[in-house]
Amino acid sequence: MIDTLRLSERSKDKLVKLRRSTGIKHWNALCRWALCVSLADPRPVGGSRLVADSNVELSWKVLTGDWGDVYLALLQQRAAVDGTGADPKQLGMLLRRHVHRGIELLSGSDKPVSIDDLCELAARPQH
């Protein structure tokens with residue numbers, strides 16, 4: 001899998017804003033939301049190169065907590081649906097792409113995102 005997820009400076013800046021607007025203090029909680037939001041989006045993640053140029057790093061264990069097996073299964077399922085490889089290196093790249101896209105999706109609005117907005121997003125039916 002992936003030992004450490006390092007975020008881009010752009011994603012870090014967006015997370016800082018999300019932390020302020022939601023009151024969620026931990027990077028891992030916001031990155032879990034981001035991962036789930038992106039996985040729920042039926043579009044494949046883009047293939048552009050990700051720059052890991054920030055000082056924000058999360059280990060797999062910190063990112064997933066006690067739910068590592070569940071998140072791994074979700075990534076493997078998504079790899080199968082999208083027709084991408086499911087070897088550890090490719091799953092690691094898929095994780096990075098989904099977390100980064102999810103951060104973009106969570107912070108895409110011009111208005112600050114609240115906890116209520118996150119709950120509404122989670123409850124929204126997916127197509």
Side-chain angles (χ1 to χ4, degrees):
M1 195 52 218
I2 185 171
D3 291 330
T4 304
L5 170 68
R6 181 180 284 209
L7 298 177
S8 68
E9 193 64 35
R10 175 184 168 100
S11 290
K12 174 188 171 185
D13 292 344
K14 290 183 177 287
L15 282 178
V16 167
K17 290 177 185 172
L18 284 169
R19 283 172 68 173
R20 260 188 250 128
S21 65
T22 63
I24 298 172
K25 296 179 185 189
H26 301 285
W27 302 111
N28 61 332
L30 287 169
C31 287
R32 285 178 194 166
W33 275 96
L35 175 59
C36 291
V37 165
S38 182
L39 287 171
D41 186 327
R43 299 172 296 161
V45 289
S48 61
R49 187 170 186 275
L50 293 173
V51 179
D53 58 350
S54 80
N55 62 349
V56 176
E57 288 185 347
L58 299 167
S59 71
W60 174 253
K61 180 65 178 163
V62 168
L63 175 64
T64 62
D66 293 337
W67 298 93
D69 292 342
V70 173
Y71 286 106
L72 180 58
L74 289 170
L75 282 170
Q76 290 169 329
Q77 173 64 25
R78 186 56 188 259
V81 167
D82 290 348
T84 62
D87 66 61
K89 184 176 179 178
Q90 289 174 311
L91 286 176
M93 183 54 66
L94 190 63
L95 171 69
R96 286 183 194 96
R97 292 185 191 289
H98 275 290
V99 169
H100 278 85
R101 178 173 76 173
I103 292 169
E104 291 290 328
L105 291 170
L106 288 176
S107 60
S109 158
D110 288 337
K111 73 176 186 102
V113 176
S114 68
I115 293 278
D116 290 340
D117 295 329
L118 292 180
C119 292
E120 184 179 313
L121 184 63
R124 185 180 308 152
Q126 299 299 316
H127 305 312

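Of the inter-residue distances, the one linking Lys12 atom NZ with Arg19 atom CZ reads 9.5 Å to the nearest 0.5 angstrom. Atoms NZ and CG, on Lys17 and Leu15 in that order, are 11.5 Å from each other to the nearest 0.5 Å. Within the model, atoms CG of Leu95 and CG of Leu74 stand 11.5 Å from one another, a figure rounded to the nearest 0.5 Å. For the atom pair OG1 (Thr22) and CD1 (Ile115), the distance works out to 5.0 Å, reported to the nearest 0.5 Å. Distance check: Arg101 CZ to Ile103 CD1 gives 12.5 Å after rounding to the nearest 0.5 Å.
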Derivation and outcome, side-chain contact (heavy atoms from CB on, under 4.5 Å), residues Leu58 and Val99: CA-CA 11 Å; Leu58 299 167; Val99 169; over 6 Å; no
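Transitive grouping of hydrophobic side chains (ILVMFWY, heavy atoms separated by less than 4.5 Å) brings Leu39 and Val70 into a common cluster. Hydrophobic clustering of Ile, Leu, Val, Met, Phe, Trp and Tyr side chains at less than 4.5 Å, counting indirect connections, unites Leu35 with Leu105. Two different hydrophobic clusters hold Val81 and Tyr71 under the rule that ILVMFWY side chains link at heavy-atom gaps under 4.5 Å. One hydrophobic cluster holds both Trp60 and Leu30 under the rule that ILVMFWY side chains link at heavy-atom gaps under 4.5 Å.
Although no hydrogens or angles enter the test, the distance criterion places a donor-acceptor pair under 3.5 Å between the side chain of Arg32 and the main chain of Leu63. The closest donor-acceptor contact from the side chain of Asn28 to the backbone of Val62 lies under 3.5 Å. Remark: side-chain polar atoms of Ser54 are paired, donor with acceptor, to backbone N or O of Leu7 under 3.5 angstrom. Side chain of Arg97 to backbone of Gly46: a donor-acceptor contact under 3.5 angstrom is found. In this structure a side-chain-to-backbone donor-acceptor pair under 3.5 Å is missing from Ser38 to Ala34. Listed for the His100 side chain is a donor-acceptor partner under 3.5 Å among the backbone atoms of Ser8. The backbone N or O of Asp117 lies less than 3.5 Å from a partner atom in the side chain of Ser114, making a donor-acceptor pair.
When all heavy atoms of Leu91 and Ala86 are compared, the closest pair comes out as CD1-O, 3.4 Å. When all heavy atoms of Lys14 and Ser107 are compared, the pair lying nearest together is CD-OG, 3.2 Å. The minimum heavy-atom distance linking Arg96 with Thr4 is given by the pair NH2-O, 4.3 Å.
Under 4.0 Å is where a charged nitrogen must lie from a carboxylate oxygen, and between Arg43 and Asp41 at least one such pair does.
A search for salt bridge (Lys or Arg N to Asp or Glu O under 4.0 Å) contacts involving Lys61 returns Asp66, not counting sequence neighbours. Annotation: salt bridge (Lys or Arg N to Asp or Glu O under 4.0 Å) contacts of Asp69 (sequence neighbours excluded): none.
Counting non-hydrogen atoms of other residues, nucleotides and ligands closer than 6.0 Å to CZ of Arg10 gives a total of 12 or fewer.
Looking at Thr84 and Gln90, their side chains never come closer than 4.5 Å, going by heavy atoms from C-beta outward. For the pair Arg6 and Val56, the minimum side-chain heavy-atom distance is 4.5 Å or more. Contact check for Trp33 versus Leu18: no side-chain heavy atoms found under the 4.5 Å cut-off. Residues Val16 and Trp27 meet the side-chain proximity criterion, which asks for heavy atoms closer than 4.5 Å. Between Leu5 and Glu57, the closest side-chain pair of non-hydrogen atoms is not below 4.5 Å.
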